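When reading the values below, keep in mind they use all heavy atoms of this one structure, side chains included, and skip hydrogens, waters and symmetry mates. Here the structure is a predicted model, which means the values were calculated and not measured.
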Amino acid sequence: QVQLVESGGGLVQAGGSLRLSCAASERTFIGYAMGWFRQAPGKERDFVALISASGDRTDYAEAVKGRFTISIDNAKSTVYLQMISLKPEDTAVYYCARSRIFHWSRNDAAYDTWGQGTLVTVSS
């Protein structure tokens with residue numbers, strides 16, 4: 001069973017930047033999509049971004065488009081989420097997830113492997 005470990009969260013001022021990392025215990029993402037989701041306090045978990053195993057296909061939630069960039073490094077078995085121009089409303093626990101085989105979806109039900117999450121707090 002693959003394990004995902006997120007890192008890189010923290011406290012940042014509005015307008016600042018962070019880069020989240022998601023390290024996988026297996027060496028290949030072939031056949032899977034990798035996604036980032038977030039859950040703010042008292043709210044449901046929301047889609048943020050996803051990327052194909054090859055990195056040539058991406059999708060972003062409207063709320064983060066133009067500010068967040070998802071990338072993948074297959075040699076390091078790691079997925080990244082570069083976040084710039086952060087806003088207080090970006091405050092949430094961010095989760096990395098691996099999709100079910102051959103799935104491409106914004107729906108978290110399409111993902112069966114999740115990391116433990118990393119907290120991002122953006123102060124105003």
Task: Counterpart residues, side chain to side chain contact (heavy atoms under 4.5 Å, CB included), relative to Asp59 (two or more places apart) - done: Phe47, Leu50, Trp104, Arg106
TODO: Look up atom CG in Asp108 and atom CG in Asp46, then write down how far apart they are to the nearest 0.5 Å.
DONE: 9.0 Å
TODO: Heavy atoms only: give me the nearest Arg38-Ala92 pair and the separation to one decimal.
DONE: CB-CB, 3.8 Å
Open item on the list: Can you list everything that forms a salt bridge (charged side-chain N to carboxylate O under 4.0 Å, His left out) with Lys65? Sequence neighbours excluded, please.
Closed with: Glu62
Task: Exercise: identify the closest heavy-atom pair between Ala24 and Phe29 - done: CB-CE2, 3.6 Å
Task: side chain to side chain contact (heavy atoms under 4.5 Å, CB included) evaluation trace for Glu26 with Tyr32 - done: CA-CA 12 Å; Glu26 291 183 0; Tyr32 301 94; 5.7 Å; no
TODO: Return the minimal non-hydrogen interatomic distance between Pro88 and Ser124, and the atom names on each side.
DONE: CG-CB, 3.8 Å
Task: Joint cluster assignment, Ile51 & Phe68, ILVMFWY side-chain distance < 4.5 Å - done: yes
Task: Check: Arg98 side chain, Thr113 main-chain N or O, donor-acceptor pair, under 3.5 Å - done: no
TODO: For residues Ile72 and Gly55, report the shortest heavy-atom separation together with the two atoms involved.
DONE: CG2-CA, 3.8 Å
Open item on the list: I'd like to check the side chain to side chain contact (heavy atoms under 4.5 Å, CB included) partners of Val120; sequence neighbours left out, ordered by chain and number.
Closed with: Leu18, Leu20, Met83, Tyr94, Val122
Task: Counterpart residues, side chain to side chain donor-acceptor pair (under 3.5 Å), relative to Arg57 (two or more places apart) - done: none
Open item on the list: Between Tyr60 and Val48, is there a side-chain heavy-atom distance shorter than 4.5 Å?
Closed with: no
Task: Smallest separation among heavy atoms of Ile101 and His103, with atom names - done: O-ND1, 3.0 Å
- [ ] Verify the cluster assignment for Met34 and Leu81: are they in a single hydrophobic cluster under the rule of side-chain heavy atoms below 4.5 Å apart?
- [x] yes
- [ ] Could you state whether Trp36 and Val12 fall into the same hydrophobic cluster, counting links through intermediate Ile, Leu, Val, Met, Phe, Trp or Tyr residues with side-chain heavy atoms under 4.5 angstrom apart?
- [x] yes
Task: Side-chain donor/acceptor of Asn74 to backbone N/O of Ser54, under 3.5 Å - done: no
Open item on the list: With rounding to the nearest 0.5 angstrom, report the OG1 to CG distance, Thr78 to Leu4.
Closed with: 10.0 Å
Open item on the list: My understanding is that only residues two or more places apart in sequence, or in another chain, count here; which of them pass salt bridge (charged side-chain N to carboxylate O under 4.0 Å, His left out) with Glu89?
Closed with: none
TODO: Quick one: list whatever passes side chain to side chain contact (heavy atoms under 4.5 Å, CB included) with Ser7, sequence neighbours left out.
DONE: Ser21
Open item on the list: Show the nearest heavy-atom pair for residues Glu6 and Cys96, with the distance to one decimal.
Closed with: OE2-N, 2.7 Å
Open item on the list: Just verifying a value: how many Å separate Gln82 CD and Ile70 CD1, rounded to the nearest 0.5 Å?
Closed with: 12.0 Å
Open item on the list: Does the plane of the ring in Phe37 sit parallel, tilted or perpendicular to the ring in Tyr111? Use 30° and 60° as the thresholds.
Closed with: perpendicular
